[in-house]
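Okay, so here's the structure we're looking at.
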There are 2 protein chains.
Amino acid sequence: MPRATTPRRASVADVARQAGVSVGTVSNVLNRPETVAPATRARVEAAIEELSFVPNGLARQLRAGTITTVGAILLDIRNPFFTEVARGIEDRLTAADHTLMLASSDDDPAREARYLRLFEEKGVVGLLVVPGSLDVEPLRAVQRRGVRVVLLDAASSSPDLSSVSVDDAAGGALAARHLLELGYRRLTFLNGPHTIRQCADRLRGIREAVADEGLDPDVVVEEVRLTSLDAGGGDVAMGRLVDASGGRPPEAVLCVNDLVAVGVQRALRRLGGTALLSRVACVGYDDIDIASELAMPLTSVRQPALEMGYRAADLLLARGPGEPAEHVVFQPELVVRASSLVPGRARAGAGGSSPTS
Amino acid sequence: MPRATTPRRASVADVARQAGVSVGTVSNVLNRPETVAPATRARVEAAIEELSFVPNGLARQLRAGTITTVGAILLDIRNPFFTEVARGIEDRLTAADHTLMLASSDDDPAREARYLRLFEEKGVVGLLVVPGSLDVEPLRAVQRRGVRVVLLDAASSSPDLSSVSVDDAAGGALAARHLLELGYRRLTFLNGPHTIRQCADRLRGIREAVADEGLDPDVVVEEVRLTSLDAGGGDVAMGRLVDASGGRPPEAVLCVNDLVAVGVQRALRRLGGTALLSRVACVGYDDIDIASELAMPLTSVRQPALEMGYRAADLLLARGPGEPAEHVVFQPELVVRASSLVPGRARAGAGGSSPTS
DNA sequence: ATGAAAGCGCTAACAC
DNA sequence: GTGTTAGCGCTTTCAT
């Protein structure tokens, strides 16, 4: 195991010796240069240069206790939605002269726990996390120890944790209503594990929209649980569905995110060419940048990724240790494109009234 | 400025007091549990639980000097190519029980410098960086101070810095030769700043391929310098080109990455619909996941992103402080799709002989 | 098996 | 203006 012992680096003591001053003076040059006589300051700076001295941030932080680093734990760094969120976070943080360190949990609770601990040990001032598992207890524990925590893309189950999220039930309902209005009476939902709250909520929204229409969700909605929420996962799942259907694949598919939808399209094209692809109505989620650029432009539920990140960082920065938690909820929006509009199908209008939830 | 003073957390001393033992024993429970009598160990563990004590990683590292954190500074976290690289890094690191902290420089030298320093101060064992500016001197300085550095996606200009890269000149040549074989005698290259080595090299490769064909690069190759290397940048640049051309847009376009190519397609479609879009031959770079899924499937130069990240992390972990630098160079590969094959154009075969460089 | 004490590199009083 | 010194939270000899 290639652990490493940091080699000996120059320290304030070395610099002090080299410059013929005391460590206190070196520290002053570093932190309050104006209090040091120009001549000595010059000597110290020369010594710093000479030894290529870089202050040890750990020691400094250990002593001074001031920090400007924020950690973020995202679900999947390869999902453009999350990188867009990260960008929003960075924008806000940079404006406040803080810096962001990123990690990707891949919905693996062990990884999430590891990064949680790592960031806490590294002494971040706060943590932005998109929780994969439902268990927020470790997060509350971290917060109790003085690390500011903001939940991202997850309405906080425990109200003492601040959060920024999108109304996922509304989003699911938006997507379902769209397909129902187009006349579909059987909806296949390619979902993720219900331990991810977004997944559970979107399903709920879908079922509610169906019920609102006077239909029986148990009959109308078929849920398929994927384990990997990316193009590969969508591809495999759709492949199985087509195989199992004896040539009659689902007519209308809802996907828990756009990556999965891309996979669905890939599978359809592979198995039945453009003919098959254009015969199934498909709705994605997130409205990632390239959704409109696809061979089959993707109808999708838009979430304001950038704003979400920005706002989350905002909450984190604004929040003093003892203050009450805040919750920001954005509303999703349906963007209709070709993928849901099968040629020859009646079209009843794309929009929709306001959501139930 | 919402800097923060870390609130008081439980320390080993607190735990020791609570358990009625000495700090040394607490430390032993933490690091060498087997040397502690079961009874006392239980008491200490209870106290840890009680106080919800989390060891301060900074202090630990300060004292012990062992670290398992690696930092990576990428150019653009929104570019799927880089996130794929990051994934490769993580895979390798996780296998070695190390953890990755990510940052995105956005080709801003100031940001790059900031993160460089931040990571060094936080005491990472090593740094993987995709350098934006050409100046590697700061990186060499960091390395001299004992932080292992591996350059990513950039053949090291200074040979004492290990590196993992792809032969970018070869990649540029591959793309150019493809278009030349299709009969184009005017190539427009949407490039980035030459301070990014990849950009300079790809241009060089393109020019060499043109020269090899007995043509004059100065006549054949037109370079357009973008500042933002994403879809937005490509869109704007192509828009300008079409505007300026008086209705005769470039026939053959090379893009410095796939995101730019997506932008190009977007602009073409907006300005002249599918007709215009299918009239210009376009080649991207990176072969990102969705390249094949686009409305106009993208011909692209493939780089083995995942392997690159994996290999880079490998180098970092393997490298002892004093050992000589290593350089790994991957070869790119051309993936031909519809975007470069304008209907009605003669096609001379897609492949190509081995590159010049 | 456990405790006492030194020290990692730095900052912040406080003295001179 | 500059030096001295205590101590941040932890690990690690070295005694006991």
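Small disclaimer: the values here were computed from a predicted structure and weren't measured. By convention in this document, chain letters (A, B, ...) are assigned in the order of the sequence lines, proteins followed by strands, and residues within each chain are numbered from 1.
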- Examine C/dT2: is either OP1 or OP2 under 4.0 Å from a nitrogen or oxygen in the side chain of B/Thr40? Give yes or no.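 So the side-chain polar atoms of B/Thr40 do come within 4.0 Å of the phosphate oxygens OP1 or OP2 of C/dT2, strictly under.
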Which residues pass the side chain to side chain contact (heavy atoms under 4.5 Å, CB included) test with [X], sequence neighbours left out?
| X | answer |
| --- | --- |
| A/Arg41 | A/Val29, A/Pro33, A/Val36, A/Glu45 |
| A/Asp107 | A/Leu75, A/Pro193, A/Ile196 |
| B/Ala141 | B/Arg144, B/Arg145 |
| A/Ala113 | none |

- Item | Residue pairs involving residues 149-161 of chain A (criterion salt bridge (charged side-chain N to carboxylate O under 4.0 Å, His left out); sequence neighbours excluded) |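 Salt bridge (charged side-chain N to carboxylate O under 4.0 Å, His left out) check on residues 149-161 of chain A returns A/Arg140-A/Asp160.
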- Task: Any salt bridge (charged side-chain N to carboxylate O under 4.0 Å, His left out) involving residues 108-117 of chain A? Give me the pairs, sequence neighbours left out, ordered by first then second residue.
- Result: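 Listed by first then second residue: A/Asp106-A/Arg111, A/Arg111-B/Glu90, A/Arg117-A/Glu121.
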- Task: Could you tell me whether the side chain of A/Met101 reaches within less than 4.5 Å of the side chain of B/Leu118, counting heavy atoms only?
- Result: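 Yes, their side chains come closer than 4.5 Å.
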Tabulate protein N/O versus nucleotide N/O from nucleotides 10-12 of chain D, keeping only pairs under 3.5 Å, one per line.
residue	atom	partner	partner atom	Å
D/dC10	OP1	B/Asn56	N	3.0
D/dC10	OP2	B/Val12	N	2.3
D/dT11	OP1	B/Asn31	OD1	3.4
D/dT11	OP1	B/Asn31	ND2	3.1
D/dT11	OP1	B/Arg60	NE	2.9
D/dT11	OP1	B/Arg60	NH2	3.3
D/dT11	OP2	B/Ser27	OG	3.2
D/dT11	O2	B/Arg63	NH1	3.2
D/dT12	OP2	B/Arg32	NH1	3.3

- Angle between terminal axes - the helix from C/dA1-D/dT16 to C/dC16-D/dG1, 5 pairs each end, rounded to 10°: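 Here the local axes at opposite ends form an angle of 40°.
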- Item | salt bridge (charged side-chain N to carboxylate O under 4.0 Å, His left out) against A/Arg43, all qualifying residues, sequence neighbours excluded |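 Once residues adjacent in sequence are excluded, A/Arg43 has no partner under the salt bridge (charged side-chain N to carboxylate O under 4.0 Å, His left out) criterion.
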- Between P of D/dG1 and CD of A/Glu34, the distance in whole Å: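 Result: 11 Å.
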- Message: I need the CG-P distance between B/Leu62 and C/dC10, as an integer number of Å.
- Response: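 Roughly 9 Å, once rounded to whole Å.
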- Close approaches to DNA chain D from residues 42-50 of chain B, in residue order (heavy atom, under 4.0 Å):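 Heavy-atom contacts with DNA chain D come from no residue of residues 42-50 of chain B; none.
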- Pairs flagged by side chain to side chain donor-acceptor pair (under 3.5 Å) wherever residues 26-38 of chain A is involved - sequence neighbours left out: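 Residue pairs with at least one partner in residues 26-38 of chain A: A/Ser27-A/Asn31, A/Asn28-A/Arg32.
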- Task: Apply side chain to side chain donor-acceptor pair (under 3.5 Å) to A/Gln143 and list each qualifying residue two or more places apart in sequence or on a separate chain.
- Result: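 Listed in chain order: A/Arg319.
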